[in-house]
Amino acid sequence: MKFKVPSKSFYSTIAAVGKVINSKNALQILDNFLVTLKDGVLTVAGMDVENYLCAKIEVTEWEGEGSVCLNASRLIEIFKEIPEMGVEVSVDERLNVHISFGSGEGDFTALPGMEYPRYEKSAEENNEEPVVFQALASQFIQGIENTLFATSDDDYRAAMMGIYTDIKPDGITFVATDTRKLVRYCDNRHRPGVSAHCILPPKPAAILKNVFGGDETIDVRMTSRSAEFSNSKFTFNCRFILGNFPDYTRVIPRNNNFTLTVDKTLLANTVRRVGLFCEKGYNLEKFKIEPDKMTIKADDPNLMTHSREVIPCSFTGDNLIIGFSSTHLYEILNVIRTEDVIVKLGDASRPGIFEPSENEADTSILILLMPMTVGEF
């Protein structure tokens with residue numbers, strides 16, 4: 001088979017598909033792309049044990065058809081170095097691959113396409129009627145961007161290692177928690193019109209975020225164990241984390257009656273600076289919040305370090321002393337994109353609720369952070 005493709009367009013596509021391939025695979029064949037040419041349509045596929053990603057690529061010229069396995073890392077490295085131009089790729093009967101571009105050429109070998117494993121659904125999935133709907137790619141992208149940082153890395157709590165995705169007829173809610181922090185992001189810009197839910201693992205979430213983009217509409221076919229996301233170019237299959245996600249609504253305080261308003265950038269920069277003086281591994285920052293100012297302190301008794309800064313704020317309650325993890329707090333502030341951040345507080349033992357001063361149309365985000373024990377301020 002033989003085909004000609006634009007070098008940079010081909011490179012961007014195979015680089016995207018390459019994100020699904022693990023750096024180390026139990027099956028050596030999974031180090032490869034499955035490249036197929038049929039009826040003038042070129043497809044490149046990659047997979048690991050749980051996920052499968054396939055892309056259609058436009059060819060300017062083609063001849064014959066067939067299917068071969070090409071080493072993924074080698075192919076990406078080659079096309080990364082080729083400038084923008086047409087590249088001709090040909091594969092002979094002995095699986096010798098020849099590429100030619102401008103005044104250059106190169107040769108390497110392929111493996112038979114029939115050796116590449118097929119992505120197959122389980123018997124339970126085949127017997128299950130899928131939930132089919134459409135969604136904006138940006139709904140999933142923003143949902144993932146706002147929640148992925150809060151997923152747990154605790155193997156003993158597998159259900160919390162992913163993003164809980166709750167599809168309702170009027171919108172989609174994304175939730176992630178590691179027990180110290182919790183994020184709930186709701187997006188009602190596009191109405192799926194169906195109900196379903198899943199726990200999306202971090203790797204498929206990252207692939208979705210990087211492969212699909214813009215305000216395009218994507219088609220989704222979802223069962224209780226897996227989903228297929230597709231547009232005109234990509235088809236992505238992934239399996240879910242099985243288990244019951246905790247009832248996150250029970251931990252969101254309903255009586256945090258005091259409101260703190262502070263410049264988000266000023267607070268983030270101060271938290272980062274003061275955090276340099278925290279005790280390593282503990283990362284406690286202490287906050288003394290008054291109606292018009294906030295004092296932030298940190299120290300490390302082992303190294304005899306200490307830091308203290310005062311910034312302006314607006315607080316509707318009396319003086320309150322509370323502690324938060326500097327690393328978790330800085331992560332939260334990076335997610336909030338408004339000039340001011342609103343923090344709803346109750347007392348030193350209740351979680352703080354962080355929200356932007358204004359949500360984007362038809363979206364909302366709520367971030368909860370558990371406090372830390374403060375001895376002396």
Side-chain angles (χ1 to χ4, degrees), residues 1-25 27-38 40-49 51-64 66-92 95-113 115-117 119 137 141 144-145 148 202-214 216 229-238:
M1 67 178 184
K2 182 187 297 185
F3 57 87
K4 191 173 184 178
V5 291
S7 61
K8 291 307 176 185
S9 174
F10 187 74
Y11 167 72
S12 63
T13 302
I14 61 176
V17 176
K19 296 181 185 301
V20 78
I21 299 176
N22 291 332
S23 57
K24 294 182 179 179
N25 292 290
L27 296 175
Q28 190 173 0
I29 192 68
L30 295 181
D31 293 336
N32 295 267
F33 291 127
L34 177 63
V35 180
T36 303
L37 179 64
K38 185 175 181 180
V41 177
L42 181 68
T43 60
V44 176
M47 66 179 292
D48 59 18
V49 177
N51 309 289
Y52 169 85
L53 179 59
C54 178
K56 296 179 181 178
I57 300 177
E58 180 182 354
V59 295
T60 55
E61 298 177 15
W62 61 278
E63 181 181 320
S67 181
V68 294
C69 297
L70 302 180
N71 184 270
S73 60
R74 178 186 293 119
L75 198 64
I76 291 173
E77 289 171 358
I78 290 172
F79 275 85
K80 182 180 180 180
E81 301 302 329
I82 297 176
E84 179 62 60
M85 64 176 63
V87 178
E88 185 178 270
V89 181
S90 61
V91 184
D92 64 22
L95 301 180
N96 296 310
V97 182
H98 179 77
I99 62 172
S100 59
F101 50 92
S103 59
E105 61 180 4
D107 296 279
F108 55 97
T109 58
L111 295 173
E115 294 185 8
Y116 202 82
Y119 182 86
I141 292 170
I144 292 166
E145 288 178 342
L148 187 58
K203 181 178 178 178
I207 292 173
L208 275 172
K209 183 172 71 73
N210 291 318
V211 169
F212 298 95
E216 65 177 351
F229 302 85
S230 61
N231 60 10
S232 59
K233 184 173 183 177
F234 291 100
T235 299
F236 177 53
N237 294 83
C238 65

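The structure presented is a predicted model; accordingly, all values stated were derived computationally and were not measured.
Applying the ring-ring contact (aromatic ring centres under 6.0 Å, His included) test to F236 and every residue at least two apart in sequence or in another chain returns nothing. Qualifying ring-ring contact (aromatic ring centres under 6.0 Å, His included) partners for F33, counting only residues two or more places apart in sequence or in other chains: none. Among residues two or more places apart in sequence or in another chain, the ring-ring contact (aromatic ring centres under 6.0 Å, His included) test is passed with F3 by none. Residues meeting the ring-ring contact (aromatic ring centres under 6.0 Å, His included) test with Y116, sequence neighbours left out: none. Under the rule for a side chain to side chain contact (heavy atoms under 4.5 Å, CB included), the partners of K80 that lie at least two apart in sequence or sit in another chain are Y11. Evaluation of the salt bridge (charged side-chain N to carboxylate O under 4.0 Å, His left out) rule for K203 yields D48 as partners, not counting sequence neighbours.
Counting non-hydrogen atoms of neighbouring residues, nucleotides and ligands closer than 6.0 angstrom, the CD atom of E216 exceeds 12 such neighbours. Atom CD of E84 has more than 12 heavy atoms from other residues, nucleotides or ligands within 6.0 Å.
Under the 3.5 Å distance criterion, the side-chain polar atoms of S7 are matched with a main-chain donor or acceptor of P83. The main-chain N or O of K4 is found under 3.5 Å from a side-chain atom of T60 such that the two form a donor-acceptor pair. Put simply, the side chain of K2 never gets that close to the backbone of D92: no donor and acceptor are under 3.5 Å apart. Put simply, the side chain of N210 gets close to the backbone of A206: a donor and an acceptor are under 3.5 Å apart.
Atoms CE and CG, on M47 and N32 in that order, are 12.5 Å from each other to the nearest 0.5 Å. K56 NZ to F234 CZ: the interatomic distance, rounded to the nearest 0.5 Å, is 12.0 Å. One distance of note links OG of S12 with CD1 of I57; it measures 8.0 Å at 0.5 Å rounding. Rounded to the nearest 0.5 Å, atoms CE (M85) and OG (S100) are 10.5 Å apart. Considering CD1 of I29 and CG of L111, their distance stands at 5.0 Å, rounded to 0.5 Å. To the nearest 0.5 Å, atoms CZ (F108) and CG (N71) are separated by 8.5 Å.
Residues L34 and S67 meet the side-chain proximity criterion, which asks for heavy atoms closer than 4.5 Å. A 4.5 Å side-chain heavy-atom check between F10 and L75 finds at least one atom pair inside the cut-off. F229 places none of its side-chain heavy atoms less than 4.5 Å from the side chain of I207. The shortest distance between side-chain heavy atoms of K38 and T43 does not fall below 4.5 Å.
In this structure, P112 and C69 approach most closely via the heavy-atom pair O-SG, 3.4 Å. Residues V5 and L42 come closest through the heavy atom pair CG1-CD2, 4.1 Å. Minimum interatomic distance between N25 and N22 (heavy atoms only, all atoms of both residues): ND2-O, 3.1 Å. Here the closest heavy-atom approach between residue Y52 and residue A45 is recorded as OH-CB, 3.6 Å. Heavy-atom minimum distance, N51 versus P204: OD1-CG, 3.2 Å. Between I76 and G18, the shortest heavy-atom contact is CD1-CA, 4.4 Å.
The residue from L70, T109, D107 that alone fulfils the side-chain contact (heavy atoms from CB on, under 4.5 Å) condition with V97 is L70.
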